[in-house]
Amino acid sequence: MAAKFVVDTPVNEAWHRLTDDTNNISWIACGYPEDSPNKLVFKREGSGGMPEFISTLPADEIVWGAFKVVGVDDRGNLVSRRPKYIFVKYLPPAVPTMKRARAGGHKGAIKQIIDAHIDIEVESPSDLTEEAIIQKLRAAGGAHQPTSYEFSNYSS
């Protein structure tokens, strides 16, 4: 019988820090401890937005993470700013096939905690581009679209 998949409590706490507007956390990264492929643990977080998140992606580890993008709607006399959260499943080719396959079954449990606006699955850090994220955000949004997006250095 397969071991039950467990999401460690600090993962939930990290998600709450990310989505809490009173701090400057703009991304989180989670992964598997070496001794347990059936447990997701919190690994790291930062305040440098998507660029910093990308810079931390290892070449040989699966990362489940999320980062904040701010949708800015500037209509001249009124500026609206809304955070959007991007859920990332990072599966680099250097990870063995069985680990990659096992990770696929964990997404549902992880999404119970990390409930983002859009999901993206990538194999390379270069797959995470502002253009790709904007395209997915616009496709997921309604008729009223932000005029721009901020991926780091969020203005007030």
Side-chain angles (χ1 to χ4, degrees), residues 1-72 81-141 146 149-154:
M1 183 166 134
K4 182 178 180 198
F5 181 68
V6 175
V7 178
D8 207 19
T9 301
V11 173
N12 192 27
E13 294 165 354
W15 174 249
H16 286 291
R17 284 192 302 277
L18 175 63
T19 59
D20 178 0
D21 287 337
T22 63
N23 69 49
N24 65 351
I25 300 300
S26 61
W27 63 269
I28 61 171
C30 306
Y32 302 100
E34 285 197 31
D35 62 341
S36 179
N38 288 310
K39 182 177 185 179
L40 188 73
V41 297
F42 170 72
K43 296 276 191 163
R44 56 197 163 274
E45 65 189 13
S47 59
M50 186 177 93
E52 185 180 55
F53 173 79
I54 291 169
S55 75
T56 69
L57 295 174
D60 59 351
E61 291 178 34
I62 296 170
V63 173
W64 297 89
F67 58 86
K68 176 171 69 172
V69 172
V70 175
V72 180
R81 305 174 50 72
R82 293 181 303 277
K84 304 290 182 186
Y85 298 96
I86 315 305
F87 175 72
V88 178
K89 178 183 176 185
Y90 171 67
L91 289 165
V95 172
T97 303
M98 287 305 294
K99 283 186 179 180
R100 291 167 57 93
R102 188 180 307 115
H106 298 160
K107 183 176 182 179
I110 297 167
K111 290 286 293 173
Q112 293 290 317
I113 294 168
I114 301 176
D115 184 24
H117 292 93
I118 62 169
D119 300 359
I120 191 160
E121 185 173 320
V122 296
E123 291 188 341
S124 167
S126 64
D127 295 338
L128 275 174
T129 65
E130 290 184 8
E131 295 78 23
I133 301 299
I134 290 170
Q135 183 178 21
K136 285 187 92 76
L137 283 167
R138 292 206 185 279
Y149 292 94
E150 294 174 350
F151 291 84
S152 63
N153 302 318
Y154 313 106

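- Evaluation of the ring-ring contact (aromatic ring centres under 6.0 Å, His included) rule for F42 yields no partner, not counting sequence neighbours.
- Within the 4.5 Å cutoff, the side chain of F151 has no heavy atoms near those of the I86 side chain.
- Of the possible polar contacts, one joining the N23 side chain to the I25 backbone as a donor-acceptor pair under 3.5 Å is found.
- When the side-chain hydrogen bond (donor to acceptor under 3.5 Å, both in side chains) test is applied to S124, the partners found at least two apart in sequence or on another chain are S126.
- Remark: S55 pairs with no residue by the side-chain hydrogen bond (donor to acceptor under 3.5 Å, both in side chains) rule, at least two apart or across chains.
- In this view, R17 and E45 satisfy the salt bridge (Lys or Arg N to Asp or Glu O under 4.0 Å) rule, not counting sequence neighbours.
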List the atom pairs, donor and acceptor, that lie under 3.5 Å between side-chain atoms in residues 98-107 and the rest of the protein, sequence neighbours left out.
residue, atom, partner, partner atom, Å
R100, NH1, L91, O, 2.6
R100, NH1, P92, O, 3.0
R100, NH2, E123, OE2, 2.8
H106, ND1, Y32, OH, 2.8
K107, NZ, D119, OD2, 3.3

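- Applying the ring-ring contact (aromatic ring centres under 6.0 Å, His included) rule to pairs touching residues 118-139 yields nothing, sequence neighbours excluded.
- Closest approach of A94 to A59, counting heavy atoms only: CB-O, 3.2 Å.
- Residue pairs meeting the side-chain hydrogen bond (donor to acceptor under 3.5 Å, both in side chains) criterion with at least one member in residues 82-98, sequence neighbours excluded: S80-R82.
- Shown here for A66 and L18, the closest heavy-atom pair between the two residues is CB-CD2, 3.8 Å.
- A 4.5 Å side-chain heavy-atom check between F87 and I110 finds at least one atom pair inside the cut-off.
- Not counting sequence neighbours, the partners of N24 by the side-chain contact (heavy atoms from CB on, under 4.5 Å) test are S47.
- Shown here are the side-chain contact (heavy atoms from CB on, under 4.5 Å) partners of Q135, two or more places apart in sequence or in another chain: there are none.
- Taking all atoms of both residues into account, the shortest heavy-atom contact from G49 to S26 is N-OG, 2.7 Å.
- Applying side chain to side chain contact (heavy atoms under 4.5 Å, CB included) to V88 and the options L57, I28, L128 leaves one that passes, L128.
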- Task: Please test V63 against K43 for side-chain contact (heavy atoms from CB on, under 4.5 Å), starting from the C-alpha separation and ending with a verdict.
- Result: CA-CA 9 Å; V63 173; K43 296 276 191 163; over 6 Å; no
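- Applying the ring-ring contact (aromatic ring centres under 6.0 Å, His included) test to F53 and every residue at least two apart in sequence or in another chain returns W27, F67.
- Residues K68 and P83 come closest through the heavy atom pair CD-CB, 3.9 Å.
- The side-chain hydrogen bond (donor to acceptor under 3.5 Å, both in side chains) check on D35 picks up nothing, with sequence neighbours excluded.
- Remark: E52 engages no residue in a salt bridge (Lys or Arg N to Asp or Glu O under 4.0 Å) (not counting sequence neighbours).
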